[in-house]
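Notes follow once the structure below has been shown.
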Amino acid sequence: MNKRLFLSPPHMSGNEQKYIDEVFKSNYIAPLGEFVDRFEQKVKEYTSSKNALGVINGTSAIHLALRVAGVGAGDTVLSSSMTFIGSVAPILYQNAKAVFIDSYKDTYNIDLELLEDAMKKESSKALIITHLYGVMCEMDKIVELCKKYNVVLIEDAAEALGSFYKGKSAGSFGDFGIFSFNGNKILTTSGAGMLLCKDEKDHKKALFLSTQAKEPYLHYEHKEIGYNYRLSNVLAAIGVAQMEVLEQRVAKKREIFSWYEKELKDIEEIALQKDNYHSNRWLTALIFEKSNPLKIIEILEKSNIESRPLWKAMHTQELFKDCKFYANGVSEELFSKGLCLPSGTLMTQNDVKRVCNIIKECLDD
Ligand SMILES: *Cc1c(COP(=O)(O)O)cnc(C)c1O
């Protein structure tokens, strides 16, 4: 059997174990400890951000952002429909109302005309945008719209650590930005998240809420609902080691994308996801105009190659069946035509050729 090609498996730098050993020696097997600070510091430096809060995962970071933004029962939150559930489930945790917005066909990201239309018609507290598969949204315009309509901007950069828009890091545009270090992301600690807050006061509030909302007394005094969302020092040690190789990982992901591009460029029915800025190319994603991606997934699987459909848009999920949607039909089309290809940073050019040869064999005429 050929070796299995996963979508985006973990890829350690070599220093993780050393740092974990340091944690064990110090006996700080706890949330808090030196490595949480160091991990936050590394993310702040990389993204040129003032504040970073290490939490248990990306979903909890979004939840905290909504809480700090004051989103509560009955409030409206706008969001890209084309995203992963972790991006928008926190809207429901807050008993708020999600309103979804469709995408552009080339970048898969939020459509600005539909967004402006929604901002005019909905009185919304916050907007969550996702940089899909690492490709940056049109940030100048989005920031401008949020200012104009007085909407809090939450940037879901879970897939976009290492992506830049006009020289500025993903996650650093919004009032809040979030990253995920889940097992399949460009860097992983097995699980973690990071919340960037523009405003120092918001950062303090998020820290407070993430540590059970303990009032500042020696005893345990509570007035507000809090969470146990703070990151463990052990996982943060892995995060510090992973941050050391971020540039290498981005360069490799981009190279893998370029290999796919080279192999597939002559196939008329295939369009790779477009990037107008500097994507980390977390996953190479594409659409077929004629061939059925489900059939291709099945055939790749027979050769021990993992591939997946693109995200199934949130407005088509049972969970959100009553939500409003600003539509142009694109996200449903992307779901029916699209595919994510293996993009692990240990792949070789021959691995990419192996995937592409199989795809070429099973295209419809
Ligand atoms: C992975 C992901 C999340 C959630 O991150 P977790 O760390 O798994 O909670 C949120 N949004 C997007 C777009 C993601 O890809």
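Both ligands and their constituent atoms are indexed starting at 1 by order of listing.
- Both cation-pi conditions hold for Lys185 and Trp282: the charged atom is under 6.0 angstrom from the six-membered ring centre and inside a 45 degree cone around its axis.
- Considering only non-hydrogen protein atoms, atom 3 (C) of ligand 1 sits nearest to Phe84 CD2, 3.6 Å.
- In this structure, the salt bridge (charged side-chain N to carboxylate O under 4.0 Å, His left out) partners of Glu34, at least two apart in sequence or on a different chain, are Arg38.
- Distances between N or O atoms of Trp282 and those of ligand 1 include no value under 3.5 Å.
- With side-chain heavy atoms closer than 4.5 Å counting as contact, directly or through intermediates, the hydrophobic cluster containing Met119 also holds Leu78, Val99, Ile101, Tyr104, Ile110, Leu112, Leu114, Leu115, Leu127, Ile129, Met136, Met139, Ile142, Val143, Leu145, Tyr149, Val151, Leu153, Tyr165, Phe173, Tyr277, Tyr326.
- Considering only heavy atoms from C-beta on, Trp311 stays 4.5 Å or farther from Ser87 through its side chain.
- With 3.5 Å as the limit, one finds no donor-acceptor pair spanning the side chains of Lys295 and Ser291.
- Relative to atom 13 (C) of ligand 1, the option among Met82, His63, His131, Glu159 with the closest non-hydrogen atom is Glu159.
- Taking every heavy atom of Ala158 and a limit of under 4.0 angstrom, the matching atoms of ligand 1 come to 2 (C), 3 (C), 10 (C), 11 (N), 12 (C), 14 (C).
- Of all atoms in ligand 1, listed by their number and element, those nearer than 4.0 Å to a heavy atom of Ser87 are 10 (C), 11 (N).
- Between Ser8 and Asn184, the side chains place no donor N or O within less than 3.5 Å of an acceptor N or O (distance only, hydrogens not considered).
- For ligand 1, the polar-atom distance check against Gly58 finds a nitrogen or oxygen pair separated by under 3.5 Å.
- When hydrogens are left out, the protein atom nearest atom 8 (O) of ligand 1 is Asn182 ND2, 3.5 Å; that is the closest non-hydrogen contact.
- Close N/O approach between Thr59 and ligand 1 is found [any backbone or side-chain N/O within under 3.5 Å].
- Atom 1 (C) of ligand 1 has as its closest protein heavy atom Lys185 NZ, 1.7 Å.
- Residues Phe176 and Asp202 share a closest heavy-atom pair of CZ-OD2, 3.6 Å.
- No side-chain heavy atom of Thr107 sits under 4.5 Å from any side-chain heavy atom of Leu132.
- Interface of Thr83 with ligand 1, defined as ligand atoms under 4.0 Å from a residue heavy atom, comprises 13 (C).
- With hydrogens left out, the protein atom closest to atom 10 (C) of ligand 1 is Asp156 OD2, 3.5 Å, a heavy atom.
- Residue-to-ligand polar distances keep Thr130 apart from ligand 1: every N/O pair is separated by 3.5 Å or more.
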